[in-house]
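All remarks here apply to the structure that follows.
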Amino acid sequence: MQAMSPIYPGSTDAAGQQATLGVLGGGQLGRMFVHAAQRLGYFTAVLEPDAESPAGLVSHHHIRTDYDDPAGLAQLAQLCQAVTTEFENVPAQALQTLALTRPVAPGAAVVGIAQDRIEEKAHFVACADQSGVTCAPYAVIETPAQLEAVLAERADLLPGILKTARLGYDGKGQVRVRTAAELTAAWAELGGVACVLEKMLPLTAECSVLVVRGWDGQVVSFAPQRNVHVEGILAVTYAYEGNMPLALATRAREAAVAIAQQLGYVGVLCVEFFVVDDGSEHGGLVVNEMAPRPHNSGHYTLDACDASQFDLQVHAMAGLPLPQPRQHSPAIMLNLLGEVWFDASGQRHEPDWSAVLRLPGTHLHLYGKLHARPGRKMGHLTITGPDEASIKAVARQAAELLGLPGLDVD
């Protein structure tokens with residue numbers, strides 16, 4: 001692991017340059033990272049081609065080039081003392097290039113694992129003895145011969161979900177298949193690219209765990225949050241004591257830490273799990289996927305914890321101590337997609353923020369995106385309060401005002 005001397009906020013180098021932290025990617029995760037870094041006193045730099053990117057609009061420096069542009073990467077390295085990424089599909093080669101001269105967290109190798117479901121699942125299987133969990137039964141399909149082998153030998157995987165190995169997120173690149181004929185058609189529909197076929201399991205819940213690991217191996221984590229997805233996109237996150245059975249929550253937290261340790265990870269890692277009906281009292285735990293970055297399900301930490309996932313992202317990459325975060329308020333987070341800005345007839349309108357913000361304990365976060373469209377993550381609303389009952393009551397009122405789905409699944 002690369003040696004790391006702390007980069008202190010407000011410090012300057014020999015040339016008088018302010019301590020600057022960089023991020024590849026200009027979306028909302030980058031924006032919230034920039035806010036956290038600036039609050040501590042760092043200068044920030046964003047490499048992102050979109051001139052209207054949420055992070056670029058609020059950063060000290062915005063380098064408007066492609067992620068693999070040599071001149072842009074050289075400029076980022078010249079400006080910054082350390083670099084992170086806000087999404088996993090940044091070219092791994094770009095991270096490797098930056099790592100030649102600057103600390104990069106997370107590193108290219110672990111980001112590369114998260115970019116490829118085949119490698120990701122192999123990692124989960126390899127560290128199952130340490131983590132105590134494994135993934136759903138699956139098969140790799142990269143060639144027609146492998147497809148034929150699955151059809152002939154792995155009928156137990158049907159019904160299942162066919163997922164592209166790369167570039168799938170928020171339900172994209174996934175097709176549910178029940179029969180051999182549907183599997184064959186789905187693979188052709190996805191372009192015959194590398195895929196994994198996962199057995200469909202009897203899910204009872206979904207949860208995620210945020211782990212933060214430093215250069216020195218120190219690890220802290222947040223309690224698991226329970227998530228509800230609608231059409232493959234996160235809709236609601238429940239974050240409070242008792243949101244899932246304690247024994248299950250403890251297992252998930254320990255498993256996520258073990259997965260991060262096995263990777264030698266540096267930075268914020270989100271590990272997502274399925275809770276399945278296996279006949280036991282609380283159900284079984286199956287690891288689904290990991291995200292090498294802060295995560296949508298952890299946005300509640302901005303308002304409900306004394307250190308957010310973005311604060312700890314800054315601490316980890318800069319080599320600062322990692323305080324164990326403390327959640328001071330129960331919370332529910334509601335995702336705000338572009339549909340909120342359109343009425344039932346498809347006409348654009350402004351949401352009734354006045355009514356929403358009149359509700360107690362509401363915290364509105366809009367991401368600075370200039371154009372709303374269906375399915376696009378435009379912001380989130382976190383509700384905090386003294387107890388579970390009070391935040392659920394407010395969340396229901398807010399969801400009704402904004403027409404948000406997902407709460408009825410609870």
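If you read the sequence from its start, that first residue is 1, and numbering goes on from there.
- Looking at heavy atoms from C-beta onward, P54 lies in side-chain contact with K369 at the 4.5 angstrom threshold.
- The side-chain contact (heavy atoms from CB on, under 4.5 Å) check on D303 picks up H363, H365, T382, T384, with sequence neighbours excluded.
- Side-chain atoms of P294 and C270, non-hydrogen and from C-beta on, never get closer than 4.5 Å to each other.
- Atom CZ of R251 and atom CZ of R253 lie 15.5 Å apart (nearest 0.5 Å).
- Proximity of a side-chain donor or acceptor of E339 to a complementary backbone N or O of G375 within less than 3.5 Å is detected.
- For the side-chain hydrogen bond (donor to acceptor under 3.5 Å, both in side chains) with Q309, the qualifying choice from H299, H295, R293 is H299, the only one to do so.
- A donor-acceptor pair under 3.5 Å is absent between the side-chain atoms of R376 and the main chain of G338, judged by distance alone.
- Separating the CD atom in Q38 from the OG atom in S59 is a distance of 6.0 Å, to the nearest 0.5 Å.
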Worked check of side chain to side chain contact (heavy atoms under 4.5 Å, CB included) between V275 and L285: CA-CA 5 Å; V275 181; L285 204 61; 4.1 Å; yes

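- Between L334 and the options T362, L234, L404, a side chain to side chain contact (heavy atoms under 4.5 Å, CB included) holds for only L404.
- Taking the side chain as every heavy atom from C-beta outward, H349 and Q347 never approach each other to under 4.5 Å.
- Remark: D129 engages no residue in a side chain to side chain donor-acceptor pair (under 3.5 Å) (not counting sequence neighbours).
- Atom CZ of F222 is separated from atom OG1 of T301 by 5.0 Å, given to the nearest 0.5 angstrom.
- Of the N and O atoms on the side chains of Y367 and H380, at least one donor lies less than 3.5 Å from an acceptor on the other residue.
- Annotation: the span from L312 atom CG to L210 atom CG amounts to 9.5 Å, rounded to 0.5 Å.
- Side-chain polar atoms of E48 and Y67 form a donor-acceptor pair below 3.5 angstrom.
- A donor-acceptor pair under 3.5 Å is absent between the side-chain atoms of S53 and the main chain of A51, judged by distance alone.
- Of all non-hydrogen atoms in P405 and A235, the two that sit nearest each other are O-CB, 3.8 Å.
- The closest side-chain heavy-atom distance from V83 to L21 is not below 4.5 Å.
- Between Y138 and V140, the shortest heavy-atom contact is CE1-CG2, 4.0 Å.
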Chi angles and distances behind the side chain to side chain contact (heavy atoms under 4.5 Å, CB included) call for T84, Q313: CA-CA 9 Å; T84 188; Q313 181 184 22; 3.4 Å; yes

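- The pair R396-E400 does not count as a salt bridge, with every side-chain nitrogen at least 4.0 angstrom from each carboxylate oxygen.
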Give every donor-acceptor pair under 3.5 Å between a side-chain atom in residues 187-199 and any protein atom, sequence neighbours left out.
{"from": "W187", "atom 1": "NE1", "to": "V193", "atom 2": "O", "distance (Å)": "2.9"}
{"from": "E198", "atom 1": "OE1", "to": "K163", "atom 2": "NZ", "distance (Å)": "3.2"}
{"from": "E198", "atom 1": "OE2", "to": "K121", "atom 2": "NZ", "distance (Å)": "2.8"}
{"from": "E198", "atom 1": "OE2", "to": "K163", "atom 2": "NZ", "distance (Å)": "3.3"}
{"from": "K199", "atom 1": "NZ", "to": "D156", "atom 2": "O", "distance (Å)": "2.7"}

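- Note on D50 versus R64: no salt bridge recorded, every NZ/NE/NH1/NH2 to OD/OE distance being 4.0 Å or above.
- Residues A186 and V177 share a closest heavy-atom pair of CB-CG1, 3.6 Å.
- Here E350 pairs with R348 in a salt bridge; the nearest charged N to carboxylate O distance falls below 4.0 Å.
- With a 4.5 Å cut-off on side-chain heavy atoms, V111 and L95 count as touching.
- The closest donor-acceptor contact from the side chain of Y42 to the backbone of I7 lies under 3.5 Å.
- A side-chain donor-acceptor contact under 3.5 Å links H229 and E206.
- The one candidate from V211, V209, I259 that meets the side chain to side chain contact (heavy atoms under 4.5 Å, CB included) condition with M290 is I259.
- With hydrogens and angles left out, the side-chain atoms of R213 and Q261 include a donor and acceptor closer than 3.5 Å.
- The closest side-chain heavy-atom distance from R178 to L158 is not below 4.5 Å.
- Taking all atoms of both residues into account, the shortest heavy-atom contact from G385 to S329 is O-CB, 4.1 Å.
- Side-chain atoms of N335 and K377 form no donor-acceptor pair, as typed in the model, at a separation below 3.5 Å.
- At a threshold of 4.5 Å between non-hydrogen side-chain atoms, the residues V340 and P351 count as touching.
- Taking every heavy atom of both residues into account, P323 and H315 meet most closely at CD-ND1, 3.8 Å.
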Check against side chain to side chain contact (heavy atoms under 4.5 Å, CB included), L401 and L359: CA-CA 11 Å; L401 285 166; L359 298 172; 4.1 Å; yes

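- Between E289 and F273, the closest side-chain pair of non-hydrogen atoms is not below 4.5 Å.
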Side chain to side chain contact (heavy atoms under 4.5 Å, CB included) between R226 and V236, intermediate numbers included: CA-CA 8 Å; R226 184 164 57 86; V236 184; over 6 Å; no

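- Between the side chain of Q75 and the main chain of A71, no donor-acceptor pair closer than 3.5 Å is present.
- Between the side chain of E86 and the backbone N or O of L24 there is no donor-acceptor pair closer than 3.5 Å.
- Residues D311 and A36 share a closest heavy-atom pair of OD1-CB, 3.6 Å.
- Separating the OG atom in S131 from the CZ atom in F124 is a distance of 8.5 Å, to the nearest 0.5 Å.
- Side chain to side chain, Q225 and S208 meet the donor-acceptor criterion of an N or O pair below 3.5 Å.
- Side-chain N or O atoms of E119 include none that pairs as donor or acceptor with a backbone N or O of D116 at under 3.5 Å.
- Using a distance-only test at 3.5 Å, with no hydrogens or angles considered, a donor-acceptor pair links the side chain of D216 to the main chain of Q218.
- With rounding to the nearest 0.5 Å, the separation of CZ in R166 from CD in Q115 is 5.0 Å.
- A donor and an acceptor atom, one from each side chain of D277 and T204, are nowhere located under 3.5 Å apart.
- With hydrogens and angles ignored, the 3.5 Å screen pairs no side-chain donor or acceptor of R31 with any backbone N or O of V58.
- Checked by atom type and distance alone, the side chain of R117 pairs as donor or acceptor with a backbone atom of T164 at under 3.5 Å.
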